[in-house]
Each structure stands twice: as C-alpha cells, then as structure tokens.
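Worksheet for the structure shown next.
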Amino acid sequence: MAALTFAPIVHIVAAIFSIIELGLTAYWASLFDYGYGDYSPSSVNFMIFNSVWSILVLIYIGLTPLYMTSVFHRLAALALNVITAIFWFAGSIAVAVHFGGPYDCRGNSGCSAAEAAIAFGFFLWAIFTFLAVVDGIESLRRRGHHVDTSKPTNAYPGA
C-alpha cells in the first residue's frame with residue numbers, strides 16, 4: 001500500500017468533518033420540525049447541501065485520480081475546491097448570523113449542535129481554502145511555461 005502523503009490526509013479529515021457536519025446540521029434541522037416551527041431555515045438547509053456537496057467533491061478529488069484517471073482533470077479539481085470553499089464560507093456566515101451571538105447552552109442539545117455545526121462549518125471552509133491554495137500552486141507549477149535558460153539551445157545562430 002502506498003504511503004499517505006499530506007494532501008490525502010487533509011482529504012480524509014475533510015470527509016470526516018463533512019460527515020460530522022451533515023449529522024449536526026441534519027439534527028439541527030430536525031428540531032425545527034418538532035419544536036421551533038414548521039420548516040428549518042434555508043441557511044441550515046444550505047449547510048446540509050454543503051455537506052453532501054463536499055462529500056461528492058471529495059470522492060471526485062480523492063478517488064478519481066487513483067481509479068479513473070481519464071475522467072480526472074486538475075483544473076476541474078481546482079475549480080471544485082474553490083467553489084466548495086466559497087460555499088462553506090457563505091453557509092457558515094449565514095448560519096452564524098441566523099443563530100446569533102454565543103449563548104450559554106446549559107445542556108440544550110439543539111443549541112450545542114448549532115454551535116458545533118457553526119464551528120465545523122468554519123473548519124471546513126479553512127480546509128477547502130487550504131486545498132484550493134495547494135491545488136492552485138500545484139497547477140501553476142505544472143503549467144509547463146518554465147524556460148530553463150541555463151542550457152544552450154540548438155538554434156542555428158545565423159538563421
């Protein structure tokens with residue numbers, strides 16, 4: 001088995017955090033059906049979408065280069081990481097504004113789940129921003145526009 005490098009470890013952490021976020025926000029959304037009103041807020045629903053979207057993006061970015069290399073494209077992975085980072089930032093800000101300031105939850109599981117969901121949302125934003133920056137730097141390095149001037153060329157000087 002190949003040794004894990006740094007980027008796959010970050011992908012695994014992002015997948016675990018996305019699953020945790022999915023559970024927290026789904027629990028938080030379920031509370032609106034039974035106690036706080038009829039429908040959960042759209043910001044909470046967007047965070048559920050972000051979790052599912054992130055899992056699908058991580059499947060593409062993490063598994064496609066290993067098993068289906070003809071389908072994988074490096075710039076598509078960069079674009080997906082950037083879009084996912086924007087989604088997490090927007091969703092985390094929207095949920096934090098909807099929830100309000102820091103509260104003393106005192107054993108209220110819905111309040112604790114909401115605070116944890118907000119925290120994990122910002123962690124996932126940081127992770128996907130980091131992945132986008134790393135993919136951006138790697139794609140700039142692999143562009144092939146680097147010209148090595150230390151080696152002499154084979155051009156005919158009189159042409």
Side-chain angles (χ1 to χ4, degrees), residues 1-68 71-142:
M1 182 175 176
L4 292 177
T5 58
F6 186 67
I9 292 173
V10 176
H11 290 126
I12 292 170
V13 170
I16 291 170
F17 279 15
S18 294
I19 293 169
I20 291 170
E21 179 73 21
L22 180 61
L24 288 169
T25 52
Y27 173 69
W28 189 17
S30 73
L31 293 177
F32 287 95
D33 291 335
Y34 297 111
Y36 300 127
D38 292 333
Y39 302 107
S40 58
S42 59
S43 59
V44 176
N45 296 338
F46 184 64
M47 291 296 274
I48 294 172
F49 163 77
N50 279 347
S51 299
V52 174
W53 169 265
S54 297
I55 292 168
L56 294 174
V57 166
L58 288 168
I59 287 171
Y60 175 76
I61 293 173
L63 297 179
T64 306
L66 299 175
Y67 300 110
M68 296 185 299
V71 179
F72 182 75
H73 194 272
R74 205 167 282 284
L75 290 179
L78 174 63
L80 286 172
N81 277 330
V82 169
I83 290 169
T84 306
I86 292 169
F87 281 173
W88 277 113
F89 183 71
S92 299
I93 292 292
V95 166
V97 167
H98 174 77
F99 184 70
Y103 299 113
D104 187 15
C105 293
R106 296 195 188 256
N108 184 353
S109 62
C111 177
S112 300
E115 287 181 342
I118 293 168
F120 274 100
F122 281 110
F123 286 147
L124 283 161
W125 165 69
I127 288 171
F128 278 101
T129 302
F130 171 75
L131 287 173
V133 168
V134 168
D135 280 351
I137 291 171
E138 186 176 342
S139 68
L140 287 176
R141 285 185 182 162
R142 292 181 179 225

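These numbers were taken from a predicted model, which means no experiment stands behind them.
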* How long is the span from the CD1 atom in Ile118 to the CD1 atom in Ile93, to the nearest 0.5 Å? -> 10.0 Å
* **Flag side-chain contact, heavy atom, 4.5 Å: Leu124 against Ser18** => yes
* To do: Rounded to the nearest 0.5 Å, what's the gap from CD1 on Ile127 to OG on Ser54? Could you check?
  => 10.0 Å
* Any side-chain heavy atom of Trp53 sitting closer than 4.5 Å to one from Ile83? -> yes
* To do: Measure across Ile61 and Ala77 and return the closest heavy-atom pair with its distance rounded to 0.1 Å.
  => CD1-O, 3.8 Å
* Asked: Counting only heavy atoms not in Phe49, do more than 12 fall under 6.0 Å of its CZ?
  -> yes
* Asked: Would you call Ser92 and Met47 a side-chain contact if the rule is heavy atoms closer than 4.5 Å?
  -> yes
* Considering only heavy atoms from C-beta outward, does the side chain of Leu131 approach that of His11 to under 4.5 Å? -> yes
* Asked: Where does the angle between the aromatic ring planes of Trp28 and Phe99 fall among parallel (under 30°), tilted (30 to 60°) and perpendicular (over 60°)?
  -> perpendicular
* Asked: Parallel, tilted or perpendicular for Phe120 and Phe17, by the 30°/60° rule?
  -> perpendicular
* To do: Taking the side chain as every heavy atom from C-beta outward, state whether Tyr39 and Phe32 have any pair of such atoms under 4.5 Å apart.
  => no
* Asked: Considering all heavy atoms of both residues, which atom of Ser40 and which atom of Asn45 are nearest to each other, and what is their separation?
  -> OG-OD1, 2.7 Å
* For the student: nearest non-hydrogen atoms of Gly110 and Leu31, plus distance -> CA-CD1, 3.2 Å
* When rounded to the nearest 0.5 angstrom, what distance separates CD1 in Ile86 from CG in Asn50? -> 11.5 Å
* Phe87 vs Phe46 side-chain heavy atoms within contact, under 4.5 Å -> yes
* To do: May I ask you to check whether Phe72 and Tyr60 place their ring centers less than 6.0 Å from one another?
  => yes
* Asked: Can Phe128 and Phe89 be said to form a ring-ring contact (aromatic ring centres under 6.0 Å, His included), step by step?
  -> CA-CA 10 Å; Phe128 278 101; Phe89 183 71; over 10 Å; no
* Structure fact -> Separation between CD1 (Ile19) and CG (Leu24), nearest 0.5 Å, reads 12.0 Å
* What heavy-atom pair brings Ser51 and Glu21 nearest, and what distance separates the two atoms? -> OG-CG, 3.3 Å
* Asked: Between the main-chain N or O of Ser109 and the side-chain N or O of Ser112, is there a donor-acceptor pair closer than 3.5 Å?
  -> no
* Asked: What closest approach, in Å, do Thr129 and Ala85 show between heavy atoms, and which atom pair accounts for it?
  -> OG1-CB, 3.7 Å
* Flag for Thr84-Trp125: side-chain donor and acceptor within less than 3.5 Å -> no
* Structure fact -> Closest non-hydrogen contact found for Ser43 with Val95 is O-CG2, 3.4 Å
* Asked: Can you tell me how far the CG atom of Asp135 sits from the CG atom of Leu140, to the nearest 0.5 Å?
  -> 11.0 Å
